[in-house]
**Student:** 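Before anything else, here's the structure in question.
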There are 2 protein chains.
Amino acid sequence: MTKKPEMLALDNQLCFAFYSVSHAFSRAYRPFLDPLGLTYPQYVVLLVLWEQDDLTVKEIGDRLFLDSGTLTPLLKRLEAAGHIRRTRDRKDERQVRVLLTETGRTMRDKAEEIPRQVGCVLGLSFDEVRAFTQEVAKLRGRLHDSAAVSAKS
Amino acid sequence: MTKKPEMLALDNQLCFAFYSVSHAFSRAYRPFLDPLGLTYPQYVVLLVLWEQDDLTVKEIGDRLFLDSGTLTPLLKRLEAAGHIRRTRDRKDERQVRVLLTETGRTMRDKAEEIPRQVGCVLGLSFDEVRAFTQEVAKLRGRLHDSAAVSAKS
DNA sequence: CACAATCTAATCGCGCACAATCTAAATCCA
DNA sequence: TGGATTTAGATTGTGCGCGATTAGATTGTG
């Protein structure tokens with residue numbers, strides 16, 4: 001009555017493929033981020049702010065699928081490093097607005113070349129990368145949707 | 001002289017797609033793993049041992065791309081929970097052999113249905129999942145290869 | 001207006017990841 | 001054989017992720 005025995009084989013687990021490739025990416029970025037004094041999650045937060053500055057913690061979290069428990073200490077470290085400023089919103093004192101400093105903005109120029117440099121070892125064309133990225137994002141969306149459904153209690 | 005402005009856009013980052021989908025998977029597995037008292041990394045270690053029992057810490061690490069700094073405390077928790085035993089190898093006292101207990105083996109039956117249940121929200125056929133998994137593993141291989149090359153110093 | 005419900009961050013605790021370092025065992029090889 | 005090198009695992013410190021809780025501000029409703 002056991003299902004296909006390979007059902008639990010590690011090499012058939014899509015989740016493990018993502019889990020391990022995600023760490024591999026983080027390691028691949030490290031040589032480029034270390035000189036900038038950034039961790040990968042910190043870099044991702046800056047990606048968000050470089051696209052749109054002056055966001056609340058909640059807005060950053062929505063974009064990155066992270067909550068304040070993760071973001072608050074991370075943002076404090078980015079602030080201590082001089083990349084951002086955090087200020088309570090005057091209109092709504094619940095919210096904390098995150099703004100890039102001049103240092104944080106200029107950091108963007110140093111980061112500009114990183115995706116290409118890491119990407120060139122992937123052996124994928126620009127279009128392939130984009131198609132792949134969208135496929136993966138689609139899966140992520142389905143996982144989130146199902147989580148939302150099961151949390152509808 | 002700025003490159004394509006969308007080069008750093010979050011939605012074009014393959015790395016972020018993997019980063020975020022990996023966490024989404026971990027969250028999707030949680031409702032199934034919590035009742036078993038397992039975290040996702042612990043579950044993955046058991047996947048390895050269910051495929052082949054009596055491995056050293058190194059062998060598990062090679063399979064999962066993790067080192068002893070991560071595995072040692074994780075394995076101690078699995079041992080404390082009664083799923084495995086850890087014993088020094090008599091032939092080579094440097095090595096620690098990891099063996100499933102009866103509890104650990106029977107846990108496999110409870111885990112058997114998890115991948116299918118999570119997988120059914122993905123909207124992918126078995127073949128699609130497999131193809132996707134292999135594509136992702138191929139990328140992981142290229143990242144590891146390039147890391148190995150740059151570490152050839 | 002009062003006051004409950006909702007919302008935003010912050011905080012705390014735990015469990016990874018991982019670099020760096022350490023110890024001890026095994027292997028190499030002059 | 002014996003010292004140098006290599007290897008396996010453990011340890012330490014830092015930084016995430018995230019569930020759970022808390023504090024404080026805002027909104028909704030009678």
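Labels below follow one simple rule: chain letters A, B, ... track the order of the sequence lines, proteins then strands, and each chain is numbered from 1. Given the structure is predicted, the values throughout are model-derived calculations rather than measurements.
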**Student:** In this structure, how many angstroms lie between the P atom of D/dC16 and the CG atom of A/L38, rounded?
**Tutor:** 10 Å
**Student:** Using only modelled atom types and a 3.5 angstrom limit, is any donor from either the side chain of A/S68 or the base of C/dA10 paired with an acceptor on the other?
**Tutor:** yes
**Student:** Return whichever of A/K91 or B/Q95 has its heavy-atom-nearest nucleotide of DNA chain D closer to the 5' end.
**Tutor:** B/Q95
**Student:** Quick check: does any side chain N or O of B/Q52 sit under 3.5 Å from a backbone N or O of B/L49, one acting as donor and the other as acceptor?
**Tutor:** no
**Student:** Any N or O donor-acceptor pair linking the side chain of A/T72 to the base of C/dA9 at under 3.5 Å?
**Tutor:** no
**Student:** Measure from the side chain of B/R88, starting at C-beta and using heavy atoms only, and say which of D/dC18, D/dA10, C/dA10 lies closest.
**Tutor:** D/dA10
**Student:** Which whole-number value in Å describes the distance from A/Q42 CD to D/dG15 P?
**Tutor:** 8 Å
**Student:** Check the orientation of B/F18 and A/F18. Use parallel for under 30°, tilted for 30 to 60°, and perpendicular for over 60°.
**Tutor:** tilted
**Student:** Quick one: on DNA chain D, does A/F65 or B/L71 contact a more 5' nucleotide (nearest heavy atom)?
**Tutor:** B/L71
**Student:** Do B/P115 and A/L8 come close enough that some side-chain heavy atom pair is under 4.5 Å?
**Tutor:** yes
**Student:** So how far is it from A/M107 CE to A/L38 CG, rounded to the nearest 0.5 Å?
**Tutor:** 5.0 Å
**Student:** Quiz question: going by heavy-atom distance under 3.5 Å, is there a donor-acceptor pair between the base of D/dT26 and the side chain of A/R94?
**Tutor:** no
**Student:** Taking any strand in view, what nucleotide pairs with D/dT29 in a Watson-Crick or G-U wobble way, both distances under 3.5 Å?
**Tutor:** C/dA2
